[in-house]
Amino acid sequence: MADDSTSRFQAGQTGLIVRIPDADPAVRAWRERFDPSAQAGVPAHVTVLFPFLDESRIDARVCSALADMLGSLHAFDLRFANCGRFPEVLYLAPEPDTQLRRLTEVIADRWPEAPPYGGQFAEIVPHLTVADGQDDAVLDEIEADLLGRLPLTSHVSSVDLMVHDGATWQERASFALLG
């Protein structure tokens with residue numbers, strides 16, 4: 001989800017993610033300490049689209065459209081061998097990231113009122129956030145630990161719709177990818 005303080009999340013916000021459970025053993029302890037989205041119940045993941053539509057707009061037609069679109073795209077494998085950084089953020093970089101970008105583009109094209117990250121960034125950079133809001137010394141420590149645990153691989157076979165209830169994120173629906 002958004003790599004931001006949970007206090008900035010609002011009830012009714014939604015996002016689409018791909019879970020990366022294979023990363024959990026390497027990142028869980030760090031995420032629990034340094035990623036507000038983990039503290040709010042979001043599993044290890046790569047964000048596909050945040051924010052998505054407000055929960056009040058998620059109805060059977062939206063879910064059916066998501067199921068049809070995502071069900072026509074193939075499942076894929078990702079490899080995480082390197083870390084990357086944004087200011088005060090450390091993340092695992094998925095390789096290749098083309099299928100993740102494609103998922104974002106397809107959904108954002110269908111719902112142009114929901115651009116990735118609210119239109120805040122020009123480029124889509126798929127990533128699995130491990131730590132947010134930390135100085136370089138903390139990020140260096142985490143990165144050194146993670147590099148000893150990489151590479152890892154994960155199979156992506158679905159996209160999950162997450163909804164914020166005002167305190168935590170909950171899965172509302174999961175949409176299978178083809179094959």
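Just one of Phe80, Phe121, Tyr91 meets the ring-ring contact (aromatic ring centres under 6.0 Å, His included) condition when paired with His127; it is Tyr91.
A search for side-chain contact (heavy atoms from CB on, under 4.5 Å) contacts involving Gln134 returns Phe34, Ala131, Val138, Leu139, not counting sequence neighbours. With sequence neighbours excluded, the residues satisfying side chain to side chain donor-acceptor pair (under 3.5 Å) with Arg149 are Asp145. With sequence neighbours excluded, the residues satisfying salt bridge (Lys or Arg N to Asp or Glu O under 4.0 Å) with Asp24 are Arg28. Checked against ring-ring contact (aromatic ring centres under 6.0 Å, His included), Phe52 has the following partners two or more places apart in sequence or in another chain: Trp111. For Arg110, the side chain to side chain donor-acceptor pair (under 3.5 Å) criterion is met by no residue, not counting sequence neighbours. Take Asp136 and apply the side chain to side chain donor-acceptor pair (under 3.5 Å) test, not counting sequence neighbours, and it matches no residue. For Asp140, the salt bridge (Lys or Arg N to Asp or Glu O under 4.0 Å) partners at least two apart in sequence or on another chain are Arg85. Every residue two or more places apart in sequence or in another chain was checked for a salt bridge (Lys or Arg N to Asp or Glu O under 4.0 Å) with Arg102, and none qualifies. Take Glu113 and apply the salt bridge (Lys or Arg N to Asp or Glu O under 4.0 Å) test, not counting sequence neighbours, and it matches Arg57. Residues satisfying the side chain to side chain donor-acceptor pair (under 3.5 Å) criterion with Glu123, sequence neighbours excluded, are absent altogether.
More than 12 heavy atoms of other shown residues, nucleotides or ligands fall within 6.0 angstrom of atom NE2 in His155.
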Could you list the donor-acceptor pairs under 3.5 angstrom formed between side-chain atoms of residues 170-178 and any protein atom two or more places apart in sequence or on another chain?
from   : atom 1 : to     : atom 2 : distance (Å)
Gln170 : NE2    : Thr168 : OG1    : 3.0
Glu171 : OE1    : Arg19  : NH2    : 2.7
Arg172 : NH2    : Ile58  : O      : 3.1
Ser174 : OG     : Asp160 : OD1    : 2.6

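Side-chain contact between Asp22 and Leu78: absent, with no pair of heavy atoms (C-beta onward) separated by less than 4.5 Å. In this structure the side chain of Leu100 reaches within 4.5 angstrom of the side chain of Val46, judged on heavy atoms.
Of all the heavy atoms in Ala81 and Glu95, the pair that sits closest is CB-OE1, 4.2 Å. When all heavy atoms of Thr104 and Val48 are compared, the closest pair comes out as OG1-O, 2.5 Å.
Applying the salt bridge (Lys or Arg N to Asp or Glu O under 4.0 Å) rule to pairs touching residues 63-83 yields nothing, sequence neighbours excluded.
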